[in-house]
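Presented below is the structure to which this report refers.
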Amino acid sequence: TGAAVVGARLAAEGCRHFFVAHIDEGIALRRVLPEPPIYVLNGLLPGTEPDFVEHRLIPVLNHLGQLNVWRAAAQRFNQALDAVVHLDTGLHRLGFSAEDAQVLINERGRLRGLRLALIMSHLVASEETSNPVNGEQLSRFRTFVRSMPGAPTSLANSSGIFLGPDYHFDLLRPGADGRQ
């Protein structure tokens with residue numbers, strides 16, 4: 001598949017973290033990339049926990065319900081599992097709401113059995129460098145990260161990279177595709 005060819009090339013060029021939209025893409029990519037972390041952006045769909053564990057894929061968790069299911073999977077499979085917390089800082093499509101994020105901050109024990117591999121968010125208007133929403137999202141993200149220290153962080157999607165180093169954090173996520 002195209003993802004396998006591109007993934008292998010990116011790995012050869014030094015890419016060490018891979019993001020896919022759907023679990024089937026992650027499974028296909030894992031066949032050609034046995035080692036690097038592969039994150040699945042659409043989160044943990046019901047019943048997919050065994051596939052995530054078998055293929056060593058990391059779900060990007062978008063709400064407390066997914067977090068609870070993944071934590072139960074860690075208990076069921078008797079192993080610590082990597083997880084990503086996706087914070088909704090303004091996209092209003094995916095990610096922990098401000099209320100759920102506050103619950104997580106107040107109840108860190110909800111992460112027991114999980115390794116927080118990454119805290120991330122996604123910029124809404126990063127193509128518009130002067131849009132004030134970018135700064136608002138940056139501020140919300142920083143506030144959450146200060147409350148949840150210790151995990152790597154990622155805010156800059158493809159266009160966000162050009163907003164400058166304040167948006168870069170630990171991991172950049174370039175990957176705009178040419179599809180219309």
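For the single chain, residues carry numbers from 1 onward in sequence order.
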Mind checking the CG-CG spacing from Leu81 to Leu114? Nearest 0.5 Å is all I need.
6.5 Å
Report yes or no: does Asn62 contribute a side-chain atom to a donor-acceptor pair with the main-chain N or O of Val60 at less than 3.5 Å?
yes
Give a yes or no on whether the backbone of Ala125 and the side-chain of Asn134 come within a donor-acceptor separation of less than 3.5 Å.
yes
Quick one: salt bridge (Lys or Arg N to Asp or Glu O under 4.0 Å) pairs with a partner in residues 17-36, sequence neighbours left out?
none
Around atom CG of Asn78, are there more than 12 heavy atoms from other residues, nucleotides or ligands closer than 6.0 Å?
no
Main-chain N/O of Gly135 paired to Ser139 side chain as donor or acceptor, under 3.5 Å
no
When rounded to the nearest 0.5 angstrom, what is the spacing between NE2 in His63 and CG in Asn68?
9.5 Å
Is it possible for you to say whether Val32 and Leu57 belong to one hydrophobic cluster, with membership spreading through side-chain heavy-atom contacts below 4.5 Å?
yes
Distance from Met120 atom CE to Thr153 atom OG1, nearest 0.5 Å?
11.5 Å
Partners passing side chain to side chain contact (heavy atoms under 4.5 Å, CB included) against Asn157 (at least two apart in sequence or in another chain)
His122, Leu123, Ser126, Arg173
Enter the distance from Leu67:CG to Phe96:CZ here, rounded to the nearest 0.5 Å.
5.0 Å
Atom CG in Asp100, atom CG in Leu87: separation rounded to 0.5 Å?
10.0 Å
Spacing of Leu61 atom CG and Ile119 atom CD1 [to the nearest 0.5 Å]
12.0 Å
Tyr39 and Phe19 aromatic ring geometry - parallel, tilted or perpendicular at 30°/60° bounds
parallel
How close do Asp170 and Pro152 get, heavy atom to heavy atom, and via which atoms?
OD2-CA, 3.3 Å
Please list all pairs passing the salt bridge (Lys or Arg N to Asp or Glu O under 4.0 Å) test where one or both residues lie in residues 77-93, with sequence neighbours left out.
Asp82-Arg115
Are Trp70 and Val103 in one and the same hydrophobic cluster, where Ile, Leu, Val, Met, Phe, Trp and Tyr link if side-chain heavy atoms are under 4.5 Å apart?
yes
Do Val85 and Met148 share a hydrophobic cluster, counting only Ile, Leu, Val, Met, Phe, Trp and Tyr and linking them when any side-chain heavy atoms are less than 4.5 Å apart?
yes
Quick note, salt bridge (Lys or Arg N to Asp or Glu O under 4.0 Å) partners involving residues 123-136, not counting sequence neighbours, are Glu136-Arg140
Quick note, salt bridge (Lys or Arg N to Asp or Glu O under 4.0 Å) partners involving residues 43-52, not counting sequence neighbours, are none
Examine distances only and state if a side-chain atom of His168 and a backbone atom of Ile161 form a donor-acceptor pair shorter than 3.5 Å.
yes
Could I get the full list of ring pair (Phe, Tyr, Trp, His ring centres under 6.0 Å) partners for Tyr167, not counting sequence neighbours?
none
Heavy-atom side-chain contact between Gln66 and Val69 under 4.5 Å
no
Could you tell me which non-hydrogen atom of Gly26 sits nearest to which non-hydrogen atom of Val20, and how far apart they are?
N-CG2, 3.6 Å
